[in-house]
Protein chains: 2
Amino acid sequence: MGGKSTLKDLAKILNLSVSTVSKAINNSPEISDVTKDKVRSIALLNNYSPNKLAQSLKSQRTKTIGVIIPDVLMTFFAMAIHGIEQTANSYGYKVIICLSNESLEKEAESINTLVNGSVDGLIMSLSKETQSTNDYAHFEEAIRYNTPIVLFDRTSDLLICDKIKIDDTLAAKEATEHLLKIGCRNIIFLTTIYGTSVGEKRRLGYLQAIENTGVEDTIINIKDYAQFECILIEALKQGKIDGIVAADELSAISTIKYSIKHSYKIPEDISVIGFTNGVLGENFVPSLTVVDQHATMQGSLAAETLIKRLEKKIPVEPVHKVLKTSIIERESTLPLFYAK
Amino acid sequence: MGGKSTLKDLAKILNLSVSTVSKAINNSPEISDVTKDKVRSIALLNNYSPNKLAQSLKSQRTKTIGVIIPDVLMTFFAMAIHGIEQTANSYGYKVIICLSNESLEKEAESINTLVNGSVDGLIMSLSKETQSTNDYAHFEEAIRYNTPIVLFDRTSDLLICDKIKIDDTLAAKEATEHLLKIGCRNIIFLTTIYGTSVGEKRRLGYLQAIENTGVEDTIINIKDYAQFECILIEALKQGKIDGIVAADELSAISTIKYSIKHSYKIPEDISVIGFTNGVLGENFVPSLTVVDQHATMQGSLAAETLIKRLEKKIPVEPVHKVLKTSIIERESTLPLFYAK
DNA sequence: CTGAAAGCGCTTACAG
DNA sequence: CTGAAAGCGCTTACAG
């Protein structure tokens, strides 16, 4: 009644000491059942609930995990958040979210504000800038505070910590091989996420796949969506492209969109495969064949790993989990039995 | 060096009292410049940064705001988060995110865990279940704790607090009128968010728009996406539908997708208008004409309002801000000059 | 079985 | 200008 009640308030009402009340509420075996009952009913009556801040200060644990990701608007990260949140909650943990907006500085700020008492641990996917400059000085703070970090998706070999990811090289290799299998012979790799670890590895996988197949390698790197159409169409004019591996969801969709606009038929003329199993690709016409990176699962595993680490339920060596990706065949690629 | 340093640590090193060190660090005028300098250099050397938990316990302010939304995967909410996060950060606030998953129970849990010390205030958009059962008992806890709440988008008249929203009725009316203007005469309203305040209001706006125009009202309410195609096509067969107002982004896209699949031409046969200006509608072919609800702006305003409320920079009467929506004309509706 | 005391890390009114 | 003391709300080792 009228604001939050504290242990002190209850103690006064009950004519007991704060310690006794505390123990009663925490069901300590030290306390008699009679007292426990009395305390509990008064606690209920006064809607008592312990102050989390005070508990955290005492226990040095917040039961909160910090999540720092580049962007909520990318389907992949929205799905990952979903997984993190669900799993964290099931273990009784809350989630604080910070967005780096692909900026190293904001990533650093986020680490610094979270690390000092606000969270027990961190789940991160690195910003573009961090990955391209390879500058990890801003992680020092987290290390000094002994705050465990779990990296997912966009990870780095220079950071020693738990990691959840997919084998991007292998995934892109398989995606490219899928195009080869259905008969594509002029396959290009298109990326708008150049500079990220995953973009780089996917490029590598593409190159590995076409090695010794006689397919020539063409990498298209688009920095600005404003020039997407122009660059893509120019490339399509060069050779008779029949397959495109796009490094993320939106660029795959854009590829299809502009190709169709310029009278290329998808998948008859060009088969397109993308990354991330999101609503965008699922609902597009033609629907997008994608490499499923199991975003929700990555998030969920990251949360589980972090929590087990915090609760010391896993061995000290860093966890390095690599999820198997799978290809979801949809309409943007020729079906296998069509194979020329 | 080796873990976090506290005021006590610094005091010991400096041979000063904890109080003096605290004041020096907070640049209190009570302290001499010489001492301040000494304290600061030692603080820097030991990477001292104050423990947020302890500060919060003392000041009874966490500088954190809790956000409870139904779903991150809906573009609208992802955009809103983006706005909230950005604005909150610019004011030096952190953001804790909880997802209700459209469930009243989870919404209640989130309120309860956040309200007790973890956050200074709450930004919420109500879950479907909360809105359809009209049960607000779980808000009691927030009220008792005197935690200010700002509601956005999915609000309720039964809750007295700050609110940021759009005029959904008017927006749907304008959307429908847009279809009328381009010549549509058989317009249906399609919704998958029946039971939410916004869904209901949009339905009303549609009805208002067609009143006295001779257009017959047809409401299609789809509960399960598995039946979307079937229900939609059945409806299209009934009459010669030439316009569809869809209550959200995904249902608009699905409408277009299945219509095209069944050989209807968009927009030549049917013009489709949806809600939310997201990547999905923007990149679809044909691109989607939408009512822009200014999701990011709603989030940003919600954050600003909450923070001003917390810092007592606005009058006590609840803020009720209604954003003007705008229609973004794209390819899924006939252009105006085509009007029959 | 109950309570007084110390302490988590900080701030601030009060003395000196 | 500096410091001792109290307190934010809790927990827990120690006495009784």
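Only heavy atoms go into these numbers, but all of them, side chains included; no hydrogens, no water, no symmetry mates. Residue numbers begin at 1 in each chain, while the letters A, B, ... track the order of the sequences.
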Pairing residues for B:Lys36 by the side chain to side chain contact (heavy atoms under 4.5 Å, CB included) criterion, not counting sequence neighbours: B:Ala24, B:Asn27, B:Ile31, B:Asp33, B:Arg40
How close or far is atom C1' of C:dG9 from atom OH of A:Tyr145, stated in whole angstroms? 12 Å
Check this one for me: any side-chain N or O of A:Ser32 less than 4.0 Å away from OP1 or OP2 of C:dC1? no
Go nucleotide by nucleotide along DNA chain D from the 5' end; which of B:Asn116 and B:Asn15 gets its closest nucleotide reached first? B:Asn15
Take atom CG of A:Leu10 and atom P of C:dG3, then tell me their distance rounded to the nearest Å. 14 Å
Grab the NZ-P distance between B:Lys12 and C:dC10 for me, whole Å please. 13 Å
Taking only residues two or more places apart in sequence, or in another chain, which ones meet A:Thr133 in a side-chain hydrogen bond (donor to acceptor under 3.5 Å, both in side chains)? none
Any chance you could list the contact pattern along nucleotides 11-16 of chain C? Use B for base contacts, S for sugar-phosphate-only contacts and - for none, protein heavy atoms under 4.0 Å, 5' to 3'. BBBB--
What is the distance, rounded to the nearest whole Å, between atom CG of B:Leu53 and atom P of C:dC10? 10 Å
Would you classify B:Leu16 as touching base, sugar-phosphate or nothing, given that sugar-phosphate means primed atoms plus P, OP1 and OP2, and contacts are heavy atoms under 4.0 Å? sugar-phosphate
A:Thr296: what forms a side-chain hydrogen bond (donor to acceptor under 3.5 Å, both in side chains) with it, not counting sequence neighbours? none
Indicate whether the side chain of A:Tyr136 and that of A:Asn134 have a donor and an acceptor atom separated by less than 3.5 Å. yes
What residue pairs, at least two apart or across chains, pass side-chain hydrogen bond (donor to acceptor under 3.5 Å, both in side chains) with a residue in residues 66-85 of chain A? A:Thr75-A:Glu249, A:Glu85-B:Lys106
Residue A:Leu158 excluded, over 12 heavy atoms near CG under 6.0 Å: yes
How is A:Thr35 classified with respect to the nucleic acid when contacts are heavy atoms under 4.0 Å: base, sugar-phosphate, or nothing? sugar-phosphate
Respond yes when some side-chain nitrogen or oxygen of A:Gln60 is under 4.0 Å from OP1 or OP2 of C:dG7, and no when none is. no
Dot-bracket for DNA chain D, 5' to 3', with Watson-Crick and G-U pairs under 3.5 Å, [ ] for crossing pairs and | for other-strand pairs: what is it? |||.||||||||.|||
Qualifying residues under side-chain hydrogen bond (donor to acceptor under 3.5 Å, both in side chains), relative to B:Asp162, sequence neighbours excluded: B:Arg309
For residues 110-124 of chain B, which residue pairs pass the salt bridge (charged side-chain N to carboxylate O under 4.0 Å, His left out) check, not counting sequence neighbours? none
Rounded off to whole Å, could you give me the CG-to-P distance for the A:Leu57 and C:dC10 pair? 9 Å
Could you tell me the separation between the NZ atom of B:Lys38 and the P atom of D:dC1, rounded to a whole number of Å? 13 Å
Winner on side-chain proximity to B:Ile31, out of C:dA4, C:dC10, D:dT2, is D:dT2
Gap in Å between the two P atoms, one belonging to C:dC10 and one to D:dC1, rounded: 24 Å
Just N and O in the side chain of A:Lys4: are any of them under 4.0 Å from OP1 or OP2 of D:dG9? no
Test of understanding: with salt bridge (Lys or Arg N to Asp or Glu O under 4.0 Å), list the residues that count as partners of A:Lys312, not counting sequence neighbours. none
Look at A:Lys52 and D:dC10 and indicate whether a side-chain polar atom (N or O) is within less than 4.0 Å of OP1 or OP2. no
Tell me yes or no: between the side chains of B:Glu304 and B:Thr87, is some donor less than 3.5 Å from an acceptor? no
Round to the nearest Å and state the distance from A:Asp37 atom CG to C:dT2 atom P. 12 Å
Rounded to whole angstrom units, what separation is found between the CG atom of B:Asp33 and the P atom of D:dC1? 7 Å
